[in-house]
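Inspection log for the structure reproduced underneath, given as structure tokens.
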Amino acid sequence: MRPLHGRTILVTRSADQAGGLADSLRQMGARVIEVPVIDFAEPEDWSPADASMSRIAQYDFVIFTSANAVDRFARRMIDRGASWPTAAKPRVIAIGPATGRALAERGIAIGKTASDSRAEGVIAALSDEPVAGASVLIPRAEVAREVLAESLRARGAHVEVVTIYRTIALPVTAEARQLIFDRGVDVVTFTSASTVRNLLASIGGPGSLEGVEIAVIGPVTARAAAEAGLTPTIVSPGVEMETFARAIAGHYSGAR
């Protein structure tokens, strides 16, 4: 069964991360147009992150909020000739299954994995942990939601946030822009608030997507889309790319 046969779907995820979603959609019969509107770059200054790596064993907790953060932090440690400590500290917290897998692939033991792949999920996972006075490291993107760090600080934790990558905007190609303007796209997918902002900035705002199904991952991206003037019609219940693809297929097969 190919529930997406005849549908054209625009995937806006970064080029190095779009494959899983694009492949799943193609297997379901969709014509996929990959138009990455974001990419990732190194921080302008590695010094704070490098300093945190040099004293990694001194932290009580290290919280990773994405697989991308895991990969970039681990690669930087390797480049600097550093290795993950084998002592009991720090205790590593993963924001969700994908981040947990990235840690496992790097051989980093996980203390706890939040079932909800949002900052709120980590907050809930740590609700029974004695974090007052604890030293917490959060390696993350330069721009991200502050709710996790603020929540832990409110509970008395000493939180250090270090930038290990930046999200940068990529322009939409003229061909992709024309396809959108010609109403040649059935669905546009968004996997983060930055993909929403950057696509709309390139095509002149939400009016250019009138009549197009808007598919998003999770409530954070859904809220960003709504705030930008879009109405999400497909909201994936999970962050896995296969789950996202199934949500899109379910929309067309009537399984809401």
Side-chain angles (χ1 to χ4, degrees), residues 11-18 20-21 36-53 56 59 61-80 90 92-103 105-106 108 113-114 116-123 125-126 136-153 157 159-171 189-202 216-225 227-228 239-241 244:
V11 173
T12 59
R13 210 173 192 211
S14 63
D16 61 343
Q17 295 182 332
L21 176 59
V37 297
I38 61 171
D39 199 0
F40 302 112
E42 293 191 350
E44 294 180 352
D45 180 10
W46 271 109
S47 299
D50 287 347
S52 72
M53 293 175 193
I56 191 68
Y59 293 98
F61 297 93
V62 176
I63 303 175
F64 288 101
T65 56
S66 69
N68 196 33
V70 172
D71 291 339
R72 289 177 178 272
F73 193 84
R75 285 205 305 267
R76 182 68 178 182
M77 288 192 75
I78 292 171
D79 291 344
R80 298 180 69 248
V92 178
I93 310 299
I95 199 170
T99 304
R101 283 196 299 273
L103 287 163
E105 289 169 359
R106 294 284 184 176
I108 298 174
T113 300
D116 182 353
S117 299
R118 296 182 296 157
E120 290 81 358
V122 177
I123 292 169
L126 293 176
V136 181
L137 175 66
I138 306 178
R140 65 171 209 193
E142 182 177 50
V143 178
R145 299 171 69 215
E146 300 295 340
V147 62
L148 175 57
E150 290 174 353
S151 174
L152 291 172
R153 287 180 180 129
V159 181
E160 183 179 350
V161 176
V162 295
T163 297
I164 53 173
Y165 67 96
R166 294 177 294 124
T167 303
I168 58 176
L170 294 179
T189 66
F190 295 111
T191 54
S192 66
S194 57
T195 58
V196 174
R197 291 191 297 267
N198 294 342
L199 180 67
L200 294 184
S202 291
V216 302
I217 279 185
V220 174
T221 308
R223 185 164 58 248
E227 290 172 352
V239 299
E240 301 292 326
M241 292 301 106
F244 193 16

CG (Asp116) and CD1 (Ile95) are apart, to the nearest 0.5 Å, by 8.0 Å
Heavy-atom closest pair (Ala94 atom, Leu103 atom, distance to 0.1 Å) is CB-CD1, 3.7 Å
Distance-minimising heavy-atom pair for Pro97 and Glu240: CB-OE2, 3.9 Å
Among all residues two or more places apart in sequence or in another chain, which pass the side-chain hydrogen bond (donor to acceptor under 3.5 Å, both in side chains) test with Glu120? Arg145
Nearest heavy-atom neighbours spanning Thr163 and Ala49: O-CB, 3.9 Å
Hey, mind stepping through Arg153 and Val136 against side-chain contact (heavy atoms from CB on, under 4.5 Å) and telling me if it holds? CA-CA 9 Å; Arg153 287 180 180 129; Val136 181; over 6 Å; no
Please find the pair of heavy atoms, one from Thr221 and one from Ala193, that lie closest to each other, and give the distance. OG1-N, 4.2 Å
Side chain to side chain contact (heavy atoms under 4.5 Å, CB included) with Phe190: of Val37, Val216, Val11, Asn198, only one passes, and it is Val216
Please assess Thr191 against Phe244 for the test side-chain contact (heavy atoms from CB on, under 4.5 Å), listing each intermediate value before the final yes or no. CA-CA 9 Å; Thr191 54; Phe244 193 16; 4.0 Å; yes
Do the side chain of Thr195 and the main chain of Ser192 share a donor and acceptor less than 3.5 angstrom apart? yes
Verdict with supporting geometry, Ser66 and Asn68, side chain to side chain donor-acceptor pair (under 3.5 Å): CA-CA 5 Å; Ser66 69; Asn68 196 33; 5.3 Å; no
If you look at every heavy atom in Pro139 and Ala69, which pair is closest and at what distance? O-CB, 3.6 Å
Minimum heavy-atom distance Ala67-Thr99, with the two atoms named: N-OG1, 3.4 Å
CZ-CG distance between Arg72 and Asp79, expressed to the nearest 0.5 angstrom: 11.5 Å
Scan for salt bridge (charged side-chain N to carboxylate O under 4.0 Å, His left out) pairs involving residues 189-202, sequence neighbours excluded, and state none if there are none. none
Tested for side chain to side chain contact (heavy atoms under 4.5 Å, CB included) against Asp71, the lone hit among Arg76, Arg106, Glu105 is Arg106
Check the pair Leu126 / Ile63 against side-chain contact (heavy atoms from CB on, under 4.5 Å), numbers first and verdict last. CA-CA 11 Å; Leu126 293 176; Ile63 303 175; 3.9 Å; yes
Using side-chain heavy atoms (C-beta onward) and a distance below 4.5 Å, is Phe73 in contact with Ile108? no
If you round to the nearest 0.5 Å, how far is CD1 of Ile168 from CD of Glu142? 11.0 Å
Is there a side-chain contact (heavy atoms from CB on, under 4.5 Å) between Val143 and Thr167 once you walk through the steps? CA-CA 8 Å; Val143 178; Thr167 303; over 6 Å; no
Looking at side-chain heavy atoms only, is the closest gap between Trp46 and Ile164 below 4.5 Å? yes
What is the distance from atom CZ of Phe64 to atom CG of Leu137, rounded to the nearest 0.5 Å? 7.0 Å
If you round to the nearest 0.5 Å, how far is CG of Leu170 from CG of Leu199? 11.5 Å
Residues that Glu146 engages under side-chain hydrogen bond (donor to acceptor under 3.5 Å, both in side chains), provided they are two or more places apart: Arg140
When you compare the side chain of Leu21 with that of Arg13, does any pair of heavy atoms fall below 4.5 Å? no
